[in-house]
Asker: 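The structure's right below; bear with me while I get my questions together.
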Amino acid sequence: MTTTNDHAIDRPAVHALLADGTTVCIRPVVPGDHEQLEGLYEEMSPENLRLRFFAASRRSAAMAAARACAPARSGYRALLAETQGRVIGLAEYEAVDEADRAEVSIAVADGLHHRGVGTLLVEHLVSAARAEGISTFTADALSENHAVLRLFADLGLRVVRRFDGPEVRCTVALDEDDTYLSAVETRGRHANVASLQPLLRPDVVAVVGAGRKPGSAGRAILHHLHSGRFARRLFAVNPSATSILGVPCHPSVTALPKTPDLVVVAVPAVAVPATAEECGKAGVRALLVVTAGLDGEQAQALLSACRSHDMRLVGPNCLGIANTEPELRLDATFAAGHPSPGTAGVAVQSGGVGIALLDGLSRLGIGVSSFVSLGDKYDVSGNDMLQWWESDGRTGLALLHLESFGNPRAFSRTARRVTRRMPVLTVDAGRTDAGRRAAASHSAAAATRTMTRRALFTQAGITATRSIGELLEAAALLHSQPLPEGPRVAIVTNAGGAGVLAADACAEAGLALPAFNLSTADDLLAVLPEGAAIGNPVDATAAVTEEQLGVCVDRLMGCAAVDAVLVVLVPTALAEATGDDLLRALTRAPGRRSRPVAVVRLEQPRPVELLPAADGGTIPSYAEPHAAARALAHAAHRASWLARPAGSVPGLQDIDTRRAQAVAEEFLLAHPQGGRLDPSTCANLLSCYDIPQIPWAWAETEDEAVLAADRLRGFDGRVVMKAHWPGLVHKSEQRAVHLDLRGDSQVRAAFRDLETRFAGLMTGAVLQPLAPRGTELFAGVVQDEVFGPLVLFGLGGTATEVLADHAARLAPLTDHDVHDLITSPRCAPLLFGAHGNGPVDLKGLERLLLRLSRMAADLPQLAEADFNPVLATPGQVTVLDARIRLLPRRPHDPYLRRLR
């Protein structure tokens, strides 16, 4: 079990939310807390003292406070919860005889029960215990102590109760499975939504920094709140005015007749910390800071004021927030106009992007349910907003523009859940150049930040677009049309050339254009003008009438081979029907048919519009075929993601996590700065996860090489020799490999050659039997500082440097993630038996990737792992060469409830 003698350093203070949205600080106990902890117990009623200590003993309380504040010791940890300087709860554990078990106890201040104090403390204690190798908590309680028994029962962990007279012993297994993570997530969501109520549904709003003259952000926001007819109470704060824009004005926040829920701060950067502190002391619950240009000290003071005074914060450096609920009408932005009410939730970091999305959604008629410009994102994040939209009862579409991620793994879990209820769309901002390719085979070079973000979006089911325009195009279709069952599109046009453009666009977007059977072709010929071409695209000719076009689309809607219909129209003077008449053939029918339909009008002035349909629904209309095809492809991808059950992380046998952690710790003790493992340590670590390796031997002299070769020679007697020295990555580039060695003389000559060319570098050589023929693959891991471990897979050998044929997914991998990794690279057909070679051992490949993922999840010290090549044959999958780099990193629990 790993222990520490300095808990304050080992477990820094963090802030988190109670069930009612209150902010509390969770931190280790220090000796200076003795008086506060004694007070915690002294203020308890005799009944609560009896439930805690099995007797109403003040002496037990004093001893408990002294124990918690004693000098740090191995196997003991105590955490407390405090709010605004007052200690309101304590949780502690102490290891018992078995190194992996600990006794746990909890105390919560009187009057604060049923607000989640104890549960939050236990969650943090569980996370700390896991990091120290503790796998089980035990706790003794009186059987009448229903509150603590319910706490353990509701944690989401496996709990066994054993009753013994008036007492009950609870044994809690600390396994981190999906049940526990989902329970933590649910508690966090309820707490988070509660904390956002003062921000997004305030009863009282005040604007600090609204000037009497036009031109300031504060005045613009006050004007928007007032002109937008904010339905609750509104004040301005300005010591030089009694009224601004007809809004009552007061000299300070503390002078307001009613304490605001939300204060908009639009003062100069130097005044922001003092304003935040004044708001906190007055009891304000949320701040919207639009001010930009805060330096590091000002930023820290702002965030500290929010945390210590229980305030949520949007910004700084942001456009503002809006909530269009009819009973609220909150528009605290300085955008050009008021956002139209609707069903799209929008969260952006860039104010300019926010303005573009507000304008685009209003123009389309989709509108906004709520809007938050996150700005520098000190506190409220995209993850917070996803949870709000999931719970607000109004949002049906979520649009995000995020330039950074505070906790990507928690965001991914939230997004996976929310995306099953509504489309979540984003712009993949900050992409690398399209032509950039990895220049080396090792994982750190292969894994770009773009690849990491895309892995996050793919696994979470997020629709990632490349521009604001594409985002609005996809939003229009997802808002107005049902999802297609697949990627098969039928194209109908009144101009052959336009149909060709649409066909190209669909093919380039990854959509399919199925051929029609004879029955469908005959049906279409029967309704279309003479000369119509019944391929796909269907060229209905310029003579097609409104009625003919409508029947044609209806017939295609009923075709089993079609998942969506794309209608491409060009205005002509040949038919009786005008362009508007042809559109009427589509809009007179219901807007939401059983399958999606989209229109392309090449003369359309705007990139995308929503056309009103007869049933009150809408049909998306695009100015370009490529825009329509991209939107249909996004819809097809979403449908495919939804149709697949949520994946699960498979349980694995023959895993020795404790030994692996010991191997890593032993290496880092000898190499405090980290480094690459030598072959023996690397093989030892891989054996902890039962990862198959080709037999090998280590030789430091010519004679040792000959003896090793004799032991390793396979059926044909040939061996491979690879030089080794610390830091060597590309053996082939350095010509540090000899292949196909036969007999002792060739082995000796090869060793002498390596020894001569790499004198002063080489520490020894690795010998292996010559591997059989097979497909050379690459598997690796990179530990991203923000996103966590990323697993990569693709074509291996020297070709990996040139082709960069890699797929990536964030660990831990689910069964679906592994399938996607194997099928995504361009080399995938080789694995499934292309060219008549037969499939490789796919099950073995899945096992390898799952075990690599588990190793990455278990070991935060694993900075990088490269398996290249991995030899895949029909009979087995074997790692031929492995390189692993460790760095001194502490465990980080991405799912622990805490604020940024």
Side-chain angles (χ1 to χ4, degrees), residues 477 480-482 484-507 511-604 611-615 617-622 625 628-629 631-632 635-636:
L477 191 136
S480 63
Q481 297 296 301
E485 294 182 2
R488 302 168 301 175
V489 177
I491 299 173
V492 182
T493 181
N494 67 339
V500 172
L501 292 175
D504 287 342
C506 287
L511 300 169
L513 298 178
F516 305 130
N517 59 32
L518 289 176
S519 175
T520 301
D522 289 343
D523 285 347
L524 295 177
L525 283 172
V527 301
L528 291 175
E530 184 177 350
I534 311 303
N536 192 5
V538 175
D539 183 358
T541 77
V544 68
T545 66
E546 173 187 342
E547 181 179 357
Q548 289 171 330
L549 182 64
V551 174
C552 176
V553 171
D554 289 341
R555 297 276 173 94
L556 289 172
M557 282 287 176
C559 178
V562 172
D563 298 312
V565 176
L566 180 60
V567 182
V568 185
L569 298 178
V570 174
T572 72
L574 296 183
E576 295 180 7
T578 65
D580 289 342
D581 291 335
L582 294 179
L583 274 181
R584 216 168 19 244
L586 304 175
T587 58
R588 70 184 180 184
R592 293 186 69 89
R593 297 169 166 90
S594 59
R595 292 181 171 88
V597 61
V599 179
V600 173
R601 295 183 295 162
L602 297 180
E603 82 286 2
Q604 181 174 293
L611 307 174
D615 65 345
T618 53
I619 297 173
S621 176
Y622 300 90
L632 286 168

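Remember, predicted model here, so these are calculated numbers, not experimental data.
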Asker: For Pro625 and Ala502, which heavy atoms make the closest approach, and how far apart are they?
Answerer: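 So the minimum-distance heavy-atom pair works out to CB-CA, 3.7 Å.
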Asker: Looking at every non-hydrogen atom in both residues, tell me the closest pair between Ile491 and Cys506 and how far apart they are.
Answerer: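 Scanning both residues, the minimum pair turns out to be CD1-SG, 4.1 Å.
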Asker: Under the criterion side chain to side chain contact (heavy atoms under 4.5 Å, CB included), which of Val600, Leu602, Leu549 is the partner of Leu569?
Answerer: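 Of the listed options, the one satisfying the test is Leu549.
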Asker: Can you tell if the side chain of Asp523 reaches within under 4.5 Å of the side chain of Phe516, non-hydrogen atoms only?
Answerer: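 Contact flag for Asp523/Phe516 side chains = no.
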Asker: Which heavy atom of Ala598 sits nearest to which heavy atom of Leu477, and what is that distance?
Answerer: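 It is CB-CD1, 4.2 Å.
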Asker: Might you point out which heavy atoms bring Pro487 and Ala636 nearest each other, and give the distance in Å?
Answerer: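 Heavy-atom minimum between the residues: CA-CB, 4.2 Å.
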Asker: Would you give the length of the straight line joining atom CG of Leu518 to atom CG of Leu525, rounded to the nearest 0.5 angstrom?
Answerer: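 Those atoms lie 10.5 Å apart.
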Asker: Have a look at Thr493 and tell me which of Val500, Val544, Val568 forms a side chain to side chain contact (heavy atoms under 4.5 Å, CB included) with it.
Answerer: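 Between Thr493 and the candidates, side chain to side chain contact (heavy atoms under 4.5 Å, CB included) is satisfied uniquely by Val568.
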Asker: Please say whether more than 12 non-hydrogen atoms of neighbouring residues, nucleotides or ligands are located less than 6.0 Å from CD in Glu603.
Answerer: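 More than 12 heavy atoms, drawn from other residues, nucleotides or ligands, come within 6.0 Å of this atom.
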Asker: Can you see which heavy atom on Gly535 is nearest to which on Val538, and at what distance?
Answerer: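 Closest approach of Gly535 to Val538: O-CG2, 3.3 Å.
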Asker: Quick one: which residue pairs count as a side chain to side chain donor-acceptor pair (under 3.5 Å) with a foot in residues 549-564, not counting sequence neighbours?
Answerer: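 Output for this query lists Arg488-Asp563.
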Asker: Got Gln604 and Val599 here, is their nearest side-chain heavy-atom distance under 4.5 Å?
Answerer: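 They are not in side-chain contact.
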Asker: Heavy atoms, side chains only, cut-off 4.5 Å: are Met557 and Val597 in contact?
Answerer: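 Yes - at least one pair of side-chain heavy atoms lies under 4.5 Å apart.
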Asker: Between Gln481 and Thr618 (side chain of the first, backbone of the second, donor and acceptor by atom type, cut-off under 3.5 Å), is there such a pair?
Answerer: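 At least one qualifying donor-acceptor pair exists.
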Asker: I would like to know whether Asn517 and Thr520 meet side chain to side chain donor-acceptor pair (under 3.5 Å); could you show each step before the answer?
Answerer: CA-CA 6 Å; Asn517 59 32; Thr520 301; 3.0 Å; yes
Asker: Using modelled atom types and a 3.5 Å cut-off, is there a donor and acceptor pairing between side-chain atoms of Asn536 and backbone atoms of Ala512?
Answerer: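 Here the side-chain-to-backbone pair does not exist.
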Asker: Check Ala543 against Gln548 and note the closest heavy-atom contact, atom names and distance.
Answerer: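 Where Ala543 meets Gln548 most closely, the heavy atoms are O-OE1, 4.0 Å.
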